[in-house]
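Below, chains carry the letters A, B, ... as their sequence lines are ordered, and counting in each starts from 1.
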Amino acid sequence: MKRTKIKDILKNEESGYQVNVKGWVRSFRNNQFIAINDGSCMGNIQAVISLETDPEIVKNITTGASLSIDGTVIPSLGKGQKVEIKVDSITILGLCNTEEFPLQLKNKPSLEYLREIAHLRFRTNTFGAVFRVRHTLAYAIHKFYNDRGFVYMHTPIVTASDAEGAGEMFCVTTLPINNPPRNEDGEVNYKEDFFGRCTNLTVSGQLEAELGAMAFSEVYTFGPTFRAENSNTARHLAEFWMIEPEVAFNDIVDNMDLAEDFIKYVIAYALEHNREDIEFLATRLVDEEKQKPMNERSEMGLVEKLEFVLNNSFDRITYTEAIEVLLNSPHYKKKKFQYDVKWGIDMQSEHERYLVEKHYKKPVIVTGYPKDIKAFYMRQNDDGKTVAAMDILVPGIGELVGGSQREERLDKLTQRMNEMHIPTDEMYWYLDTRKFGTVPHAGFGLGFERLVLFVTGMTNIRDVIPFPRTPKNAEF
RNA sequence: UCUUCCUUAGCUCAGUUGGUUAGAGCAUCUGACUGUUAAUCAGAGGGUCCCCCGUUCAAGUCGGGGAGGGAGAGCCA
């Protein structure tokens, strides 16, 4: 018989038909009641076996074992579920030795412990929900851009471009690490390396995406990026996924509109299609926050927070206004900021958090940053001091999006590159876009895992990517 | 990389002023159980108290060093 997904049985609530179900045992009670989960949804189906079932089989129905069950869907005789399966025949597909199985669901294992058994943690309610939501968000991202006529562009993972200077990079080489070939001056001779030059894992697909935008008008990338920074925080990974749309003919305001529409679209899509998972994560969050003192708990539940974001427009302020808000804040006057506030600073997390969590209490888009704290490719404003950059700051996460209108004027761009000591000769291919039919254009980058954090209410980024890569950790 | 907290049974945690044989709940094992919902009931087994060095008659407990983890910070997405 063809397998039926548990999600479909639970959803249509009908009874009186034969099914085959396959999945893993979540619990087995009273020698009769098997709670089976196949990952298709949060819920388990209850399969009821007869007390005359072969004791050899009953013995092997243990938490974690995999089963195939044939039976009839009937209205449940007990409370707690509408339908259940009356089992006709049962096959153990894979045994699970309970003495060795490290996942004891009844103990509510900590997230930290589950991280150590990341290969098994998908079998918990929490991680099941997180990774179903992650999938839905990824799908919604492609759907959003596809529906708007964007071309999904695959930018390279291995790159020779180190121009952006967006942090430390991982070197990609096939040279022997102990004894690499060297030039006369003692430097490693990359001419003998696989690509004939020094190559790295990409830190961003933006520059390549700009090349695509100069032909397709609107493109986006969605792929892995790598940073070899020694950052040990709940918001950083060495390997993470980033979405980077790039749109020709867009200015900074179009860019903000796109980013806001995009974020709202994917949140709405997840709320619609993974309501049950998000509601479970919401109760999980409430439980977790019970450990915290009152003043550190969230004011809104997870679902309310997401709906609030959907139903309110993001506040849009300039960097200059943001600094004024900070300078006029009671927090500043009581000298509660650790870092000084004045025009020209690169705002610290404490400043961003104050703006977004205490002052505006919703997502905020900050534009017009000082040019000296931003990248070379951002378009210079007429004031000569600021650039058309935009960051979207979100409660609990900080910077979710960073983007800008790009500098499309060749002379201004090369001048800025020279000032910042970026080699224009190596970047000829990038500058060619400005030489041959340049147009105003804009784009942004959104860290996928930070989006997943926001939507799931999880607080550590290692818990929203299946196999996190962080300093000193690449197991599994 | 910095600050700070933590590390005791498979998991989550108690452990008093340094003092006999280190405890609990859950999990596991054995048995019971014809409607359970984190099933329940009875019994049993289970410890390199993170590692090293030191103080002491005596260290899970005190001191120093190291490792691992959490939270915050820097950098950023």
Side-chain angles (χ1 to χ4, degrees), chain A residues 26-35 43-53 58-59 62-64 74 76-81 84 86 96-117 124-125 164-168 203-206 224-244 291-292 296 337-339 346-353 373-375 391-394 397-403 444-454 459-465 470-473 475:
Chain A
R26 284 289 175 86
S27 78
F28 182 39
R29 293 181 290 269
N30 207 12
N31 282 341
Q32 288 182 87
F33 305 102
I34 317 171
N44 306 323
I45 189 83
Q46 172 159 285
V48 188
I49 59 170
S50 134
L51 286 159
E52 276 80 55
T53 306
V58 173
K59 198 178 76 185
T62 56
T63 303
I74 58 168
S76 179
L77 302 176
K79 292 168 194 162
Q81 59 279 315
E84 64 189 20
K86 186 171 180 292
C96 185
N97 182 332
T98 47
E99 284 183 78
E100 291 176 33
F101 191 50
L103 188 59
Q104 290 140 19
L105 299 166
K106 287 172 197 168
N107 286 340
K108 298 217 167 183
S110 66
L111 295 175
E112 291 81 11
Y113 172 68
L114 291 170
R115 228 172 271 153
E116 293 171 18
I117 52 166
T124 64
N125 286 337
E164 200 189 344
E168 294 292 309
V203 293
S204 162
Q206 181 203 312
T225 45
F226 307 87
R227 306 272 168 96
E229 297 284 354
N230 186 19
S231 325
N232 291 285
T233 80
R235 286 181 295 283
H236 290 87
L237 290 164
E239 176 183 298
F240 64 100
W241 290 64
M242 191 150 64
I243 299 101
E244 294 176 290
Q291 323 278 330
K292 292 184 178 176
E296 287 177 26
F337 287 121
Q338 192 189 337
Y339 292 88
D346 201 356
M347 278 191 278
Q348 305 292 323
S349 351
E350 60 172 350
H351 304 138
E352 296 181 345
R353 270 213 321 276
I373 59 170
K374 287 292 182 181
D391 283 0
I392 301 185
L393 310 176
V394 166
I397 308 289
E399 186 180 339
L400 178 65
V401 163
F444 61 84
L446 179 145
F448 183 51
E449 283 74 20
R450 290 191 179 174
L451 176 68
V452 182
L453 277 180
F454 187 70
T459 48
N460 192 311
I461 202 162
R462 298 174 185 101
D463 294 331
V464 298
I465 187 167
T470 52
K472 302 274 188 294
N473 188 355
E475 201 165 352

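If you check B/C50 for Watson-Crick or wobble pairing at under 3.5 angstrom, you find it paired to B/G66. B/U3 and B/A71 make up a base pair, with Watson-Crick or G-U wobble contacts both under 3.5 Å. If you check B/G25 for Watson-Crick or wobble pairing at under 3.5 angstrom, you find it paired to B/C11. Summarising the base pairing, B/U34 is matched to no nucleotide, lacking a Watson-Crick or G-U wobble pair whose two defining distances lie under 3.5 Å. Searching all strands for a Watson-Crick or G-U wobble partner of B/G45 with both distances below 3.5 Å returns nothing.
When the P atom is compared between B/U4 and B/C76, the two are found 25 Å apart, to the nearest whole Å. Rounded to whole Å, the separation between the C1' atoms of B/A24 and B/C49 comes to 16 Å. The gap from the C1' atom of B/C62 to that of B/U17 amounts to 12 Å, rounded to the nearest Å.
Side-chain nitrogen and oxygen atoms of A/Asn31 include none within less than 4.0 Å of the OP1 or OP2 phosphate oxygen of B/C33. For A/Arg462 and B/G69, the shortest distance from a side-chain N or O to OP1 or OP2 is not below 4.0 Å.
Using a 4.0 Å heavy-atom criterion, one finds that A/Phe240 contacts the bases of the nucleic acid, with or without backbone contacts as well. Backbone-only contact: A/Glu112 has heavy atoms under 4.0 Å from sugar-phosphate atoms and none from a base. Here A/Asn460 lies in heavy-atom contact (under 4.0 Å) with sugar-phosphate atoms only. Using a 4.0 Å heavy-atom cutoff across all strands shown, A/Ser50 reaches no nucleic acid atom at all. Counting non-hydrogen atoms under 4.0 angstrom, A/Asn473 reaches nothing in the nucleic acid. Within 4.0 Å of A/Tyr339, counting heavy atoms only, lie sugar-phosphate atoms of the nucleic acid but no base atom. As judged by a 4.0 angstrom heavy-atom cut-off over every strand, A/Arg353 is placed among residues touching the sugar-phosphate backbone only. At the heavy-atom level, A/Ser349 lies under 4.0 Å from the strands shown only through sugar-phosphate atoms. Residue A/Thr98 is in sugar-phosphate contact alone, with no base atom involved, counting any heavy-atom pair closer than 4.0 Å across all strands shown. Among the atoms of the strands shown, only primed sugar atoms or phosphate atoms (P, OP1, OP2) are found under 4.0 Å from some heavy atom of A/Leu400.
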Please enumerate all protein N or O atoms sitting under 3.5 Å from an N or O of nucleotides 34-36 of chain B, with distances to 0.1 Å.
| unit_1 | atom_1 | unit_2 | atom_2 | d |
| --- | --- | --- | --- | --- |
| B/G35 | N1 | A/Glu84 | OE2 | 2.8 |
| B/G35 | N2 | A/Gln46 | NE2 | 3.4 |
| B/G35 | N2 | A/Gly78 | N | 3.2 |
| B/G35 | N2 | A/Glu84 | OE1 | 2.5 |
| B/G35 | N2 | A/Glu84 | OE2 | 3.2 |
| B/U36 | O2 | A/Arg29 | NE | 2.8 |
| B/U36 | O2 | A/Arg29 | NH2 | 3.4 |
| B/U36 | O2 | A/Gln46 | OE1 | 3.4 |
| B/U36 | N3 | A/Gln46 | OE1 | 2.8 |
| B/U36 | N3 | A/Gln46 | NE2 | 3.0 |
| B/U36 | O4 | A/Gln46 | NE2 | 2.5 |
| B/U36 | O4 | A/Gln81 | NE2 | 3.1 |

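When distances are taken from the side chain of A/Ser110 to each of B/U12, B/U1, B/C26, the shortest belongs to B/U12. The listed nucleotides are B/A73, B/C76, B/C75; the one nearest the side chain of A/Arg227 is B/C76. With B/G10, B/C76, B/C75 as the choices, the nucleotide that has an atom nearest any side-chain atom of A/Glu352 turns out to be B/C76.
Nearest-nucleotide mapping onto RNA chain B: of A/Glu449 and A/Lys472, the residue sitting toward the 5' end is A/Lys472. Residues A/Gln338 and A/Asn230 each lie close to RNA chain B; by heavy-atom proximity, the contact nearer the 5' end of the strand is made by A/Asn230.
For A/Leu103 and B/A27, the CG to P distance is 14 Å, given to the nearest whole Å. Taking atom CG of residue A/Asn97 and atom C1' of nucleotide B/U28, one finds them 10 Å apart after rounding to whole Å. Rounding to whole angstrom units, NE2 of residue A/His351 and P of B/C75 are separated by 11 Å. Computed from coordinates, the A/Arg235 CZ to B/G72 P distance equals 6 Å when rounded to whole Å. Atom NZ of A/Lys59 is separated from atom C1' of B/C33 by 19 Å (rounded to the nearest Å). What separates CG of A/Asn232 from P of B/G69 is a distance of 9 Å, to the nearest Å.
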Assess whether side-chain contact (heavy atoms from CB on, under 4.5 Å) is satisfied between A/Ile243 and A/Phe444, documenting all intermediate values. CA-CA 8 Å; A/Ile243 299 101; A/Phe444 61 84; 5.7 Å; no
